Amino acid sequence: MSATTNTSAPLEELAWRELLHQHTDGLPAAFAAGQVTAYVGFDPTASSLHVGNLVPIMGLVHLQRAGHRPMALVGGGTGMIGDPSGRSSERNLQDLDTIRANAEAIRRQLAKFLDFEGPSAARLVNNADWLCSLSLIEFLRDTGKHFSVNYMMAKDSVKSRLENGISYTEFTYMLLQAFDYLELHRREGVTLQMGGSDQWGNITAGLELIRKAQGGDAHALTFPLITNADGTKFGKSTGGGSVWLDAERTSPYQFYQFWMGADDRDVSRYLRFYTLMSREEIEALDEAVRSDPGKRAAQRALAYDVTARVHSPDAARAAQEVSALLFERADPAGLSDAALTALRSEIRFAAYAPVAQPAMDEVDVLHALQLLGLADSRGAAKRLLEQGGISVNGEKLAQPTVRHDRLLRGRHLLIKKGQREFGLLHVP
RNA sequence: GGUGGGGUACUCAAGUGGCCAACGAGAUCAGACUGUAAAUCUGACGGCGCAAGCCUUCGAAGGUUCGAAUCCUUCCCCCACCA
């Protein structure tokens, strides 16, 4: 991750990666003129970022690699208001302690992507530092005065909500974001704000404020909205939940698997968006997808690269090994104790605790499926079994019990639900 | 505060006294086909149960009735318009 001195590079880099949605006209000149300090805001609505936040994060990374200064703003203050952009309904407000804790957790995650040393050292700021002490009168005089209601109503984020209603609080959100930009412009010399394409309206409100309040010149850049080829929303795991960057919420193995499952039609784009691989490397993988898609070379490279960056190279290698054990090994009977221990921390794991033992030397698999969280109820587990969706130790299961003599190493069962969900059961 | 419209399972959305665990669609899950892909086809999709069946659900609480998601009363919430 060495910083170069080519200050005009980021736009070209973002362009070939198809990460450029729109930007203000003067931006190329600003990059060419010298080091630019740019920021992206992150909402502390959860205690972890998720893969949907990766594009703006990578935007900061590319900027830094080109010798500019990245800054991440955690919305500890604005998070208490709620951004109406891209939402059809009013947000629920979260309490202060939660937001504070979330902001801190997000800070730690961002720290993994950016370099905090050197001439283009990254910085992290929290807008709670200036918004929470801002007085209403001061805000209305110095900021509100610069915006007409007409201007605000014309913004998409507001316009789309007029039908169903928008609170005064959320209506004001864009002014707070504009205020942030002005504040950072003054304090830190920030001249670029980046964000998702739905942020364009809020960002340009900031440009407006900087120009009117200060006569300053600043820029905007937005990233495209990431879509999946099949029309579903990017960033949902097969279970439907978000894919988080926090290892506690989404294990490195699950994270790795999320990328392994990328659609052929998406994987080339994702390599561009989410890895730092060179154009040549990526084009070679594109070719691999065309000539031998079954090998999944691009998915493997994508999964390893992103997992290594978000978690660690060690975690990525472990995920790789576990994936090989689970998906490429014909006979789980030969798994060593060490392999079983490795599996235990990567896939669903539960200790078998029978409610009503069917027989002394048998395991009630329906109950085990519930213990492992692979089925919500006994009825659901039964349906899975009836439909042939359950395998134990690599063999399709036909009856709801398994004899003890089939336990791996005398004490484990490797249970598979469907094509790719695994659980390890420990039988005491 | 007034008037009108609305709150049905994960989401959208039918249903206006029994045929309703509740049409349909999407999402989700599984099977076949495959490549841990896509598309397609098939099945499942409140809980318990081998089953018959039982239990819990239609904003909340009461009531009418042999019987309610459907009728009545009160309350809560959302939306629109008016004040």
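Keep in mind the model is a prediction, meaning the values are calculated, not measured. The chains referred to below are lettered A, B, ... by the order of the sequence lines, with proteins before strands, and numbering in each begins at 1. FYI, side chains are in, hydrogens and waters are out, and symmetry mates aren't considered; it's all heavy atoms of this structure.
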Would A:Arg348 and A:Glu421 pass as an ion pair if we require N to O under 4.0 Å?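 So A:Arg348 pairs with A:Glu421 through a salt bridge.
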
Salt-bridge criterion met for A:Arg211 and A:Glu208 (N-O under 4.0 Å):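 Answer for the salt bridge query: yes.
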
[N] pairs with which nucleotide, Watson-Crick or G-U wobble, both distances below 3.5 Å?
N	answer
B:rG17	none
B:rC71	B:rG63
B:rA52	none
B:rG4	B:rC79
B:rG24	B:rC12
B:rC29	B:rG43

For A:Glu386 and for A:Arg265, find the nucleotide of RNA chain B with the closest heavy atom, then tell me which residue's nucleotide is more 5'.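 The residue closer to the strand's 5' end, by nearest nucleotide, is A:Arg265.
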
Please figure out whether A:Gly294 or A:Gly379 has its closest RNA chain B nucleotide nearer the 5' end.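 Here A:Gly294 is the residue nearer the 5' end.
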
Could you check which of [options] has an atom nearest any side-chain atom of [X]?
X	options	answer
A:Asp230	B:rG35, B:rA39, B:rG47	B:rA39
A:Gln370	B:rC45, B:rG31, B:rC48	B:rC48
A:Gln419	B:rG31, B:rA30, B:rG47	B:rG31
A:Gln299	B:rC48, B:rA30, B:rG35	B:rG35
A:Arg383	B:rC45, B:rA30, B:rA37	B:rC45

Over how many whole Å does the gap from [X] atom [atom1] to [N] atom [atom2] extend?
X	N	atom1	atom2	value
A:Leu325	B:rU36	CG	C1'	15 Å
A:Phe327	B:rA37	CZ	P	9 Å
A:Gln257	B:rA37	CD	P	10 Å
A:Lys382	B:rA30	NZ	P	19 Å
A:Leu285	B:rA37	CG	P	19 Å
A:Tyr304	B:rU36	OH	C1'	20 Å
A:Leu326	B:rU36	CG	C1'	11 Å
A:Leu366	B:rC48	CG	P	10 Å

Sticking with atom [atom1], work out how far [N] lies from [M], rounded to a whole angstrom.
N	M	atom1	answer
B:rU65	B:rU73	C1'	16 Å
B:rC72	B:rG5	P	13 Å
B:rU70	B:rC79	C1'	23 Å
B:rG6	B:rU16	C1'	15 Å
B:rA25	B:rA14	P	15 Å

Decide salt bridge (charged side-chain N to carboxylate O under 4.0 Å, His left out) for A:Arg279 and A:Glu283; before the verdict, give the C-alpha distance in whole Å, the side-chain angles of both, and the deciding distance to 0.1 Å. CA-CA 6 Å; A:Arg279 194 166 190 166; A:Glu283 282 169 357; 3.5 Å; yes

Counting distance alone, no hydrogens or angles: does the base of B:rG35 have a donor or acceptor under 3.5 Å from a partner atom on the side chain of A:Asp292?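 No pair found.
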
NA contact type, A:Asp263, heavy-atom cut-off 4.0 Å: base, sugar-phosphate, or nothing?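 It contacts sugar-phosphate atoms only.
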
Tell me what A:Lys396 touches on the nucleic acid: a base, only sugar-phosphate, or nothing, going by heavy atoms under 4.0 Å.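 Sugar-phosphate: the residue A:Lys396, judged by heavy atoms under 4.0 Å, touches backbone atoms but no base.
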
Checking ring-ring contact (aromatic ring centres under 6.0 Å, His included) for the pair A:Phe273/A:Phe223: CA distance, chi angles, key distance, verdict? CA-CA 10 Å; A:Phe273 297 159; A:Phe223 307 110; 9.9 Å; no

Centroid-centroid distance, A:His426 to A:Tyr352, less than 6.0 Å: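 No.
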
Spatial distance of atom CD (A:Gln419) from atom CZ (A:Phe327) [nearest 0.5 Å]: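 The CD atom of A:Gln419 sits 9.0 Å away from the CZ atom of A:Phe327.
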
Any ring pair (Phe, Tyr, Trp, His ring centres under 6.0 Å) involving residues 274-300 of chain A? Give me the pairs, sequence neighbours left out, ordered by first then second residue.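 Sorted result for residues 274-300 of chain A: A:Phe234-A:Tyr274, A:Trp259-A:Tyr274, A:Tyr270-A:Tyr274.
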
